[in-house]
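Proteins get letters first, then strands, A, B, ... in listed order; numbering begins at 1 in each. Computed over heavy atoms, backbone and side chain alike; hydrogens, waters and symmetry mates excluded.
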Number of protein chains: 2
Amino acid sequence: MPGDHKPKTANGKIVRSTKQRQAILDILTKQQSHLSAEEIYQAVKITQPRISLGTVYRNLEILTELGSIYRNSFADGKARYESATIGHHHHLVCINCQDIENLTACPMAQDIGNLAQSHDFEPLEHYFEVYGYCGKCRRKD
Amino acid sequence: MPGDHKPKTANGKIVRSTKQRQAILDILTKQQSHLSAEEIYQAVKITQPRISLGTVYRNLEILTELGSIYRNSFADGKARYESATIGHHHHLVCINCQDIENLTACPMAQDIGNLAQSHDFEPLEHYFEVYGYCGKCRRKD
DNA sequence: ATCGCTGCAAATCATTTGCAGCAGC
DNA sequence: GCTGCTGCAAATGATTTGCAGCGAT
């Protein structure tokens with residue numbers, strides 16, 4: 001059926017729209033912050049009290065695959081998610097208060113192009129995170 | 001006692017030299033690759049058959065704290081370690097064969113200095129990883 | 001009526017930790 | 001001999017998965 005563009009996952013399954021999935025996406029879109037699966041679970045429970053953590057993980061996986069959200073693994077080994085409406089960006093992570101600030105500029109777009117040439121490598125994604133102290137925490141110490 | 005510089009961890013304990021710790025450091029120094037705790041465990045068992053995985057983790061923690069090795073968490077959520085003798089660098093990670101190539105140049109040293117100014121942030125460390133296909137895998141597909 | 005999705009619970013995987021004996025310094 | 005280190009096993013924390021019923025198309 002030409003013109004039919006139902007979203008599908010990598011394994012070819014059609015993706016349905018459920019209130020659980022919509023609630024998760026809503027939270028990530030509204031909060032505009034970097035939430036862990038557990039934090040998302042706690043937030044979704046307000047509107048969907050019977051949702052399970054397993055469902056949260058399954059939906060985060062699907063939404064990541066669809067490109068609706070980004071998954072980031074930071075140095076603490078825990079994955080955090082954010083809405084993809086913000087577009088490509090990087091992170092300043094405070095090692096004291098754990099706050100994450102987004103860096104809207106991507107200074108290495110050009111560098112990556114050069115890498116492709118000099119290292120025989122086809123770049124698809126890249127991650128750049130800076131760890132340190134945010135202004136607030138620096139002044140507190 | 002001035003002139004006395006025994007290595008210590010953050011909690012002030014003196015660090016002793018043990019054959020288990022030395023074996024782990026040897027492997028990382030010789031292999032010059034990015035090994036997971038489990039891979040290191042398997043490699044150390046050849047010379048230290050009675051070593052436990054717990055000891056491997058404890059030593060990786062101490063060696064990281066001392067700055068003898070680097071810990072990196074990649075997108076698969078697993079930590080990988082490498083000898084610090086190589087110096088600061090970044091990574092090209094192949095999402096097909098999982099091979100990791102080191103990037104000796106750090107193109108963002110200057111960018112990070114600018115960030116400090118414009119974002120009221122004190123940078124301590126930074127990570128930069130590019131995910132994509134290495135030359136070998138690109139030609140295979 | 002399909003077949004994807006859900007809640008629940010149990011399973012898995014990486015990593016951490018309590019403990020009693022052992023080993024550097 | 002003090003005290004950090006080890007092996008072992010059990011505990012933790014994040015994430016995944018099997019299953020039977022439910023719900024979206």
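- For the pair Gln48(B) CD and dC8(D) P, the interatomic distance rounds to 13 Å; values are reported in whole Å.
- Set against dC5(C), dT15(D), dT6(D), the side chain of Thr18(B) has dT6(D) as its closest nucleotide.
- Out of dG4(D), dC8(D), dT15(C), the shortest distance to the side chain of Ser52(B) is found at dC8(D).
- The distance between atom CG of Leu53(A) and atom P of dA9(C), rounded to the nearest whole Å, is 13 Å.
- The distance between atom CZ of Arg71(A) and atom P of dT16(D), rounded to the nearest whole Å, is 6 Å.
- Where Arg80(B) and Lys13(A) meet DNA chain C, the nucleotide closest to each residue was compared, and Lys13(A) sits on the side nearer the 5' end.
- Residue Ser36(A) is out of contact with every strand shown, counting any heavy-atom pair closer than 4.0 Å.
- Atom SG of Cys134(A) sits about 8.0 Å away from atom CZ of Arg139(A), to the nearest 0.5 Å.
- Remark: Tyr57(B) is not in phosphate contact with dT16(C), judged by side-chain N or O atoms under 4.0 Å from OP1 or OP2.
- Both Ile51(B) and Ile14(B) sit near DNA chain D, but only Ile14(B) has its closest nucleotide nearer the 5' end.
- Electrostatic pairing of Asp120(A) and Lys136(B) does not count as a salt bridge here, judged by no charged N lying under 4.0 Å from a carboxylate O.
- Closest to the side chain of Ile62(B), out of dC8(D), dC5(D), dT16(C), is dC5(D).
- Counting only heavy atoms from C-beta on, Arg50(B) has its side chain closest to dC8(D) among dT6(C), dC8(D), dT15(D).
- A ring-ring contact (aromatic ring centres under 6.0 Å, His included) with Phe128(A) is found for exactly one of His89(A), His88(A), His90(A), namely His90(A).
- Leu60(A) places its CG atom 15 Å from the P atom of dT17(D), with the value rounded to the nearest Å.
- Two residues, Arg16(A) and Gln20(B), neighbour DNA chain D, and the one matched to the more 5' nucleotide by heavy-atom proximity is Gln20(B).
- Between the CD atom of Glu61(A) and the C1' atom of dT15(D) there is a distance of 10 Å, given to the nearest Å.
- The nearest whole Å value for the distance from the CZ atom in Phe74(A) to the P atom in dT15(D) is 13 Å.
- Here dG7(C) is the nucleotide among dT15(D), dT15(C), dG7(C) with the atom lying nearest to any side-chain atom of Arg58(A).
- Summarising the geometry, atom OG belonging to Ser83(B) is positioned 13.5 Å from atom CD1 belonging to Ile24(B); distances are rounded to the nearest 0.5 Å.
- By the 6.0 Å and 45° rule, Lys45(B) stacks over the aromatic ring of Tyr41(B).
- Rounded to an integer number of Å, the gap from NZ of Lys78(A) to P of dT15(C) is 15 Å.
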Before you tell me yes or no, could you show the steps for Glu129(A) and His126(B) under side-chain contact (heavy atoms from CB on, under 4.5 Å), namely the whole-Å CA-CA distance, both residues' side-chain angles and the distance that decides it to 0.1 Å? CA-CA 6 Å; Glu129(A) 288 100 34; His126(B) 64 277; over 6 Å; no
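- Contact annotation: Asn59(A) side-chain N/O to dT6(C) OP1/OP2 distance is under 4.0 Å.
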Could you spell out the base pairing of DNA chain D as a dot-bracket line? Use Watson-Crick and G-U wobble contacts where both distances are under 3.5 Å, [ ] for crossing pairs, | for partners on a different strand. ||||||||||.|||..|||||||||
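- Residue Val15(B) has its side chain nearest to dC5(D) when only dG4(C), dC5(D), dG7(C) are considered.
- One finds no salt bridge joining Arg71(A) and Glu82(A) here, because no Lys/Arg side-chain nitrogen approaches an Asp/Glu carboxylate oxygen to under 4.0 Å.
- A salt bridge links Glu39(B) with Arg80(B): at least one charged nitrogen is closer than 4.0 Å to a carboxylate oxygen.
- Between Lys19(B) atom NZ and dA23(C) atom P there is a gap of 7 Å when expressed in whole angstrom units.
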